[in-house]
Amino acid sequence: MRVVTIVGARPQFIKCAPVSRELRKKHEEILVHTGQHYDYGMSDIFFEELSIPKPDYNLGIGSGNHGAQTGAMLAAIEEVLLKEKPDWLLVYGDTNSTVAGALAAAKLHIPVIHVEAGLRSFDKRMPEEINRIMTDHLSDLLICPTETAVANLKTEGIVNGVYHVGDVMADAVLYNKRRASLHSKILENVGVSKGQYIAATIHRPSNTDSKENMESIFSAFAKSGKMIVFPIHPRTRKYLAEYQIAVPENVHLIEPLGYLDMLQLTANAEKVVTDSGGVQKEAYILKVPCVTLRENTEWVETLNNGWNKLINSAESNTVWQSLSETITPGDWLPVFGDGHGAESIVDILDRHS
Ligand code: UD1
Ligand code: UDP
């Protein structure tokens, strides 16, 4: 069976690593990188660290407004599909690369498999929510990471081809956790000790594109007095400069990290503060309390027993309090699966070929 896989943004490289490894044991995979992320630290480093095969195509689309970026991907992916004539198209998550891939394939009657189907924040101001809804409605096989995702699809009338296999990000964490603790020197490099710092990532437009929210977040960071290690997404760096926000002394801004360093930084943090979908999950899987600077989350399971807390970024004092307090969550359940999601996905594909 020939499968064209579309990736383009950082979390998709991480998700595709375990699935590609399993898929290629039995099938032919043609890997297409849209070029949505292109800096070494946002792209190549993940291919090297996670031994992801070199993409067969790099479409080099790069950054742009939503329409221009997604449209350019759509046209370029269509050309690849016309040439390669795959049996399936595989997409991950909820980025512009995801929806462009699904739409290109669906129009050519190539069946689509969507890994991380059924997630909903019920907030259409998020570009990802639009991408999720469209991709799910174009897909033939919908691979859900959680039971909530299955229920969300049912509500929208999607019941055929829906499978709950757990989250492939759990596969990646469990596969790489030991490697990270053996090889990463991030704590030494930054000069922090286990449990003595907060790990931060911010990149959602709801935060970066609002000067008020960014000022509120950085002022809460300053007031907390805690050591905050913040590998900064290029989008966030751009806005920080534009808004001329001074970086407080206790905030250690560093370049985006490779996956092993990021796992090690998260696993050893007192807590995590983020707006990332993947980082919320990883904090949960690694049993590290999380503060999410958003009004909603599609990863509702992380909120159980206080492992994750949603905080409105505009309310600086509430952000500050959540950083300063000690969070002691309750029971932990393996809601993201057992780390064998990728094997299940390949079994499902086999049954449908
Ligand atoms: C994208 C996804 C988002 C995902 C995130 C993962 C969409 C709509 N958004 O957001 O769902 O959570 O990736 O990180 O698909 N840039 C660089 N170098 C790069 C990549 C980006 O400098 O290698 C800068 C550019 O200024 C660019 C900006 O970051 O304009 C935003 O990049 P883009 O891919 O459009 O969206 P993300 O915010 O990264
Ligand atoms: N990540 C990383 N380096 C960083 C920040 C994040 O490797 O500097 C990883 C993180 O561990 C997770 C994934 O990137 O696996 C999450 O991607 P991101 O936050 O960019 O996007 P989202 O999950 O919100 O779509």
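For this chain, numbers begin at 1 and follow the sequence in order. As a basis for the values below, the full set of heavy atoms in this structure was taken, side chains included, without hydrogen atoms, waters or symmetry mates. For clarity, every value in this text was computed on a predicted model and none was experimentally measured.
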Determine whether N213 and S313 satisfy the following criterion, side chain to side chain donor-acceptor pair (under 3.5 Å), listing intermediate values before the conclusion. CA-CA 6 Å; N213 283 2; S313 318; 4.5 Å; no
If we only count heavy atoms from C-beta on, is the M126 to S206 side-chain gap below 4.5 Å? no
Tell me whether R21 forms a cation-pi arrangement with Y175, defined as NZ or CZ under 6.0 Å from the six-membered ring centre and within 45 degrees of its axis. yes
When rounded to the nearest 0.5 Å, the distance separating CG of N304 from CG of N308 is 10.0 Å
Kindly indicate whether the side chain of H203, heavy atoms from C-beta on, has any atom under 4.5 Å from the side chain of D275. yes
Mind listing the closest non-hydrogen atom pair of Q196 and M227 along with its distance? O-CB, 3.9 Å
Pair Q12, T98: side-chain N/O donor-acceptor within cut-off below 3.5 Å: yes
Would you kindly say whether N207 and R204 are connected by a side-chain donor-acceptor distance under 3.5 Å? no
Heavy atoms of N296 and S121 approach each other most closely as OD1-CB, 3.7 Å
Following the transitive rule for hydrophobic clusters with a side-chain heavy-atom cut-off under 4.5 Å over Ile, Leu, Val, Met, Phe, Trp and Tyr, establish whether L263 and I232 coincide in one cluster. no
Specify the closest pair of heavy atoms between P18 and A342, including all atoms of both residues, with the distance to one decimal. O-CB, 3.5 Å
Here the gap from I198 atom CD1 to F230 atom CZ, rounded to the nearest 0.5 Å, amounts to 12.5 Å
Could you give the distance from OH (Y57) to CG (L31), rounded to the nearest 0.5 Å? 11.5 Å
Any S181 side-chain heavy atom under 4.5 Å of Q264 side chain: yes
List the steps and the verdict of salt bridge (charged side-chain N to carboxylate O under 4.0 Å, His left out) for E128 and R132. CA-CA 6 Å; E128 293 82 5; R132 291 176 195 130; 5.2 Å; no
Going through the checks in order, is the side chain to side chain donor-acceptor pair (under 3.5 Å) test met by D87 and H27? CA-CA 11 Å; D87 302 302; H27 303 291; over 6 Å; no
Can you find a heavy atom in the side chain of I113 that is under 4.5 Å from one in the side chain of I345? yes
Between atom CG of D261 and atom CG of N189, what is the distance when rounded to the nearest 0.5 Å? 7.0 Å
About how many Å separate CG of L153 and CD1 of I158, when rounded to the nearest 0.5 Å? 5.0 Å
Spacing of CD belonging to E282 relative to CD1 belonging to I14, to within rounding of 0.5 Å: 6.5 Å
How close do S97 and I6 get, heavy atom to heavy atom, and via which atoms? O-CG2, 3.7 Å
Side chain to side chain donor-acceptor pair (under 3.5 Å), paired with N131, selected from D94, N96, T95: N96
Are a donor atom and an acceptor atom from the side chains of S316 and S219 found within less than 3.5 Å of each other? yes
W320-F221 aromatic ring centre distance below 6.0 Å: no
Centres of the F13 and H33 rings: under 6.0 Å? yes
Please identify which of these residues, K226, K271, K309, meets the salt bridge (charged side-chain N to carboxylate O under 4.0 Å, His left out) condition with E325. K309
Residues T5 and E29: side-chain donor-acceptor under 3.5 angstrom: yes
Assess whether atom CZ of R351 is packed by more than 12 heavy atoms of other residues, nucleotides or ligands within 6.0 Å. yes
Check whether the side chains of T148 and E301 place a donor and an acceptor atom closer than 3.5 Å, and report yes or no. yes
Does one side chain, of Y40 or E48, offer a donor that lies under 3.5 Å from an acceptor on the other? yes
Please indicate whether Q244 has more than 12 foreign heavy atoms, meaning atoms of other residues, nucleotides or ligands, lying under 6.0 Å from its CD. no
Quick one, R2 with E28, criterion salt bridge (charged side-chain N to carboxylate O under 4.0 Å, His left out). Give me CA distance, side-chain angles, the key distance, then yes/no. CA-CA 5 Å; R2 275 157 71 74; E28 185 187 354; 2.9 Å; yes
Determine whether more than 12 heavy atoms belonging to other residues, nucleotides or ligands lie under 6.0 Å from atom CD of E156. yes
Hey, does W88 have a side-chain heavy atom less than 4.5 Å from the side chain of M1? yes
V19 side chain reached by L90 side chain, heavy atoms, under 4.5 Å: yes
Side-chain heavy atoms nearer than 4.5 Å, only ILVMFWY residues, links allowed to pass through others: does that put V335 and V288 together? yes
Got N312 and T318 here, is their nearest side-chain heavy-atom distance under 4.5 Å? no
Under a plain distance cut-off of 3.5 Å, with no hydrogens placed, do K238 and Y243 share a side-chain donor-acceptor pair? no
Taking the side chain as every heavy atom from C-beta outward, state whether H352 and P111 have any atom pair closer than 4.5 Å. no
Do we see a donor-acceptor contact under 3.5 Å between the side chains of T274 and T201? yes
